[in-house]
Protein chains: 2
Amino acid sequence: MFLATVRVTLKPTVNDPQGLTIARALASLGFDSVEGVRAGKFIEITLDEAERSEAEKHVIEMCEKLLANPVIERYSFDLNPA
Amino acid sequence: MFLATVRVTLKPTVNDPQGLTIARALASLGFDSVEGVRAGKFIEITLDEAERSEAEKHVIEMCEKLLANPVIERYSFDLNPA
């Protein structure tokens, strides 16, 4: 069993209205040291796989087919025994 | 300058319809090793702070006041010089 923790974020050049809204909300709460905010998705996937290499291959496929939009997003993940 | 990477996830006992939907979509794509999926938020915050301890204190405040709903969510974060 493996636990994959996937992070999907917008590419740096893509406009991020959700992040801008969070940044403005933080500023209005008095957090004046905030320089920028980028919002993304965090996905934890429990996988019933015996081999780490198989699990890794499948997580990459999942990211490219469903979890991330490769045109505007990038992804990274960690894989740990669960 | 620090970069805080914040992960906000639903508490384990809270129902996660977004995660269930992702799990079903992955199953329908043929990923039959998926045992479970939990969906959450990933937020990157750039902070103009000199002291690590101050930056950490502010990120905790941000999470508790705005980024996470402590009734149903929990959060964790990493803080790295940027």
Side-chain angles (χ1 to χ4, degrees), chain A residues 1-10 12 16 18-52 54-68 73-79 82, chain B residues 1-10 12 16 18-52 54-68 73-79 82:
Chain A
M1 294 277 280
F2 287 92
L3 176 68
T5 54
V6 181
R7 296 165 295 276
V8 179
T9 51
L10 288 165
D16 177 7
Q18 192 187 356
L20 291 173
T21 304
I22 295 170
R24 274 197 293 266
L26 289 172
S28 78
L29 287 172
F31 294 107
D32 45 19
S33 61
V34 173
E35 295 277 301
V37 177
R38 301 288 288 175
K41 290 174 281 184
F42 181 70
I43 304 156
E44 291 173 311
I45 305 169
T46 312
L47 290 159
D48 183 18
E49 303 265 6
E51 296 277 337
R52 189 188 185 83
E54 276 296 295
E56 195 167 324
K57 202 184 82 182
H58 285 150
V59 174
I60 292 172
E61 272 181 48
M62 289 176 201
C63 289
E64 302 203 339
K65 285 190 182 166
L66 182 78
L67 304 177
E73 292 173 325
R74 57 184 181 184
Y75 63 87
S76 60
F77 64 89
D78 297 319
L79 197 59
Chain B
M1 294 278 279
F2 287 92
L3 176 67
T5 54
V6 181
R7 296 166 294 276
V8 179
T9 51
L10 287 165
D16 177 7
Q18 191 187 355
L20 291 173
T21 304
I22 295 171
R24 274 196 293 264
L26 289 171
S28 77
L29 287 172
F31 295 107
D32 46 18
S33 62
V34 172
E35 294 278 301
V37 177
R38 301 287 289 174
K41 291 175 280 183
F42 181 70
I43 304 156
E44 292 173 311
I45 305 168
T46 313
L47 290 159
D48 183 16
E49 303 265 6
E51 297 276 336
R52 189 187 185 84
E54 277 295 296
E56 196 167 323
K57 201 183 81 181
H58 285 150
V59 174
I60 292 172
E61 272 181 47
M62 289 175 202
C63 289
E64 302 204 338
K65 285 190 183 167
L66 183 77
L67 303 177
E73 292 173 326
R74 58 184 181 184
Y75 64 86
S76 60
F77 64 89
D78 296 319
L79 197 60

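The figures that follow rest on heavy atoms only: side chains count, while hydrogens, waters and symmetry mates do not. Note that the structure is a prediction, hence the values are computed from the model and not measured. To find a chain, count down the sequence lines: A is the first, B the second, and so on, and within it residues start at 1.
Heavy atoms of B:T9 lying under 4.5 Å from chain A belong exclusively to its side chain. For B:L29, the part sitting under 4.5 Å from any heavy atom of chain A is the side chain, from C-beta outward, and nothing else. Proximity to chain A (any heavy atom under 4.5 Å) is shown, for B:L3, by neither the backbone nor the side chain. Using a 4.5 Å cut-off between heavy atoms, B:E54 makes no contact with chain A at all.
Among A:E49, A:M62, A:K41, the residue with the largest count of heavy-atom pairs under 4.5 Å with chain B is A:M62. Ranked by heavy-atom pairs under 4.5 Å with chain B, the first of A:A4, A:S33, A:A55 is A:S33.
One distance of note links CD of B:E44 with CD1 of A:I22; it measures 11.5 Å at 0.5 Å rounding. Summarising the geometry, atom CG belonging to A:D48 is positioned 9.5 Å from atom CG belonging to B:D32; distances are rounded to the nearest 0.5 Å.
Ring geometry, A:F31 versus B:H58: the interplanar angle exceeds 60°, so the pair is classed perpendicular (tilted spans 30 to 60°).
Minimum interatomic distance between B:L47 and A:E35 (heavy atoms only, all atoms of both residues): C-CG, 4.3 Å.
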